[in-house]
Amino acid sequence: MTRHEPNFTLRSDSAKTHVFVEPDALDYIGKWVSRDRTPPVVVVLSDTTVADLYGEQMLKSLASHCPNSELITVPPGDQSKSLSHLDDIYGKLGRLRVPRDGMLLALGGGVITDLTGFAAATWMRGIDYANCPTTLEADVDASLGGKTGINHASGKNMVGAFHHPRFVAVDTTCLKTLPARDIAAGLAESIKHALISDASFLDWHQQNASAIRAVETDVMSELVTKNLRIKASVVEQDEKESGIRACLNFGHTIGHAVEKLSNYALRHGEAVAVGMVAAAHLSMQKGLLDSKAIARIRSVLESFDLPTIAENLKPAAIIETTLGDKKVKAGKRQWVLLNGIGAFTITDDVSDSMIESAVQEICPT
Ligand code: GLY
């Protein structure tokens, strides 16, 4: 029987984040919020769709531990990660008189965890918050590691801060209500973690493929925990992405370009799947990966209904768009490449012709 104790704790210079992964975790939020101290005011931030599904359950769980709890919402979608919605949220926090020892709780996907985290990072120069992610992408990636922010006319996630949540509570039963396409998009990030850090975890995805596709609670709890442990170990080594944390961007340089050029018709994880195939080809050109490994990567992604080609996109447009990537340093793109399955290397020593030929591989004519 579970004791509702953390599965593990991420510890770094500025973080101590307890991670709970449990079916029905939302029923224990009140207990976890008041674990060290009881905040005088707790504000749950969600989107209207997620609030309809889980808002009441969350408030009920908080009621006996933190009687002064409120739920506020924004519309669903990326457009809520904006200065105007943030301004609106500050207004509500003011009206609810949220003090410095108050706390915010994010209930939703990556948009909500990023937005709540940034509101918490900036309200009264920084208050506590915790993440209760409800999508697989947020469960395995966005919820942990302290990256918070909003979009701006200058670009996605252009305004932000590192601010670590006090805890992350993943309720794996929430995954049952997600469309299959959203599960697949989250699996792309899970496969990414396997490719950069643990070959046996890639085997695990293949061995458990039918249970994963059926979103079986036990296997999904194991999947989320394995992912968050991988992410925690990277963040513990390099909290602010001055070095190896960039490995978490494997597949993202070309993935972001593909996502943008699809006019966001592709889910982030779907675009990352395509970007990982291109990055794997680039790794082969550098002599770091063989064609058998590339075939395996494609086959694992396709087995979870993830795309491996960029439909209807032009290679030149993809390459041009990668130049706007935030990871450009002194005009040079930083590439995360695979050094075999389960290991990575980061380099800017990649020629234009290598990039062209890797991008050709995802744009068949
Ligand atoms: N999602 C990549 C990171 O947290 O660094």
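Small disclaimer: the values here were computed from a predicted structure and weren't measured. These values consider heavy atoms only, across backbone and side chains, with no hydrogens, waters or symmetry-generated copies.
With respect to the salt-bridge test (charged N to carboxylate O, under 4.0 angstrom), the residues D114 and K156 do not qualify. Under 4.0 Å is where a charged nitrogen must lie from a carboxylate oxygen, and between D198 and K226 no such pair does. For the pair E241 and K147, the salt-bridge criterion is met [side-chain N within less than 4.0 Å of a carboxylate O].
Among residues at least two apart or in separate chains, side chain to side chain donor-acceptor pair (under 3.5 Å) pairs with a member in residues 89-113 are Y90-T122.
Cluster membership for V111 and I72, using ILVMFWY side-chain heavy atoms within less than 4.5 angstrom, is not shared.
The nearest pair of heavy atoms linking R333 to D352 is NH2-OD1, 4.1 Å. The minimum heavy-atom distance between A130 and M103, with the atom names listed, is CB-CE, 3.6 Å. Closest non-hydrogen pair, V41 versus P99, comes out as CG2-CD, 3.8 Å.
Remark: the H268 side chain and the E189 side chain contain an N/O donor-acceptor pair separated by less than 3.5 Å. Defined by atom type and a distance below 3.5 Å, a donor-acceptor pair is missing between the side-chain atoms of D139 and S143. For the residue pair S190 and N227, a side-chain donor N or O sits within less than 3.5 Å of a side-chain acceptor on the partner.
The number of heavy atoms from other shown groups lying within 6.0 Å of NZ (K176) is above 12. Applying the 6.0 Å contact sphere to CG of D218 captures no more than 12 heavy atoms from other residues, nucleotides or ligands.
Contacts of S351 classified as side chain to side chain donor-acceptor pair (under 3.5 Å), with partners at least two apart in sequence or in another chain: S353.
I230 CD1 to T225 OG1: the interatomic distance, rounded to the nearest 0.5 Å, is 11.0 Å. With rounding to the nearest 0.5 angstrom, the CZ atom of R229 is 5.5 Å from the CZ atom of F8. Taking NZ of K260 as the reference point, atom OG of S262 lies at 11.5 Å (rounded to 0.5 Å). In this structure, K16 NZ and F167 CZ are separated by 13.5 Å, a value rounded to the nearest 0.5 Å.
Side-chain atoms of D141 never come within 3.5 Å of backbone atoms of E137 as a donor-acceptor pair (strictly under, hydrogens ignored).
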From CA spacing to verdict: salt bridge (Lys or Arg N to Asp or Glu O under 4.0 Å), K240, D13: CA-CA 10 Å; K240 299 245 165 95; D13 288 347; over 6 Å; no
Please step through salt bridge (Lys or Arg N to Asp or Glu O under 4.0 Å) for the pair R296 and D290, ending with a clear verdict. CA-CA 10 Å; R296 183 168 174 220; D290 60 24; over 6 Å; no
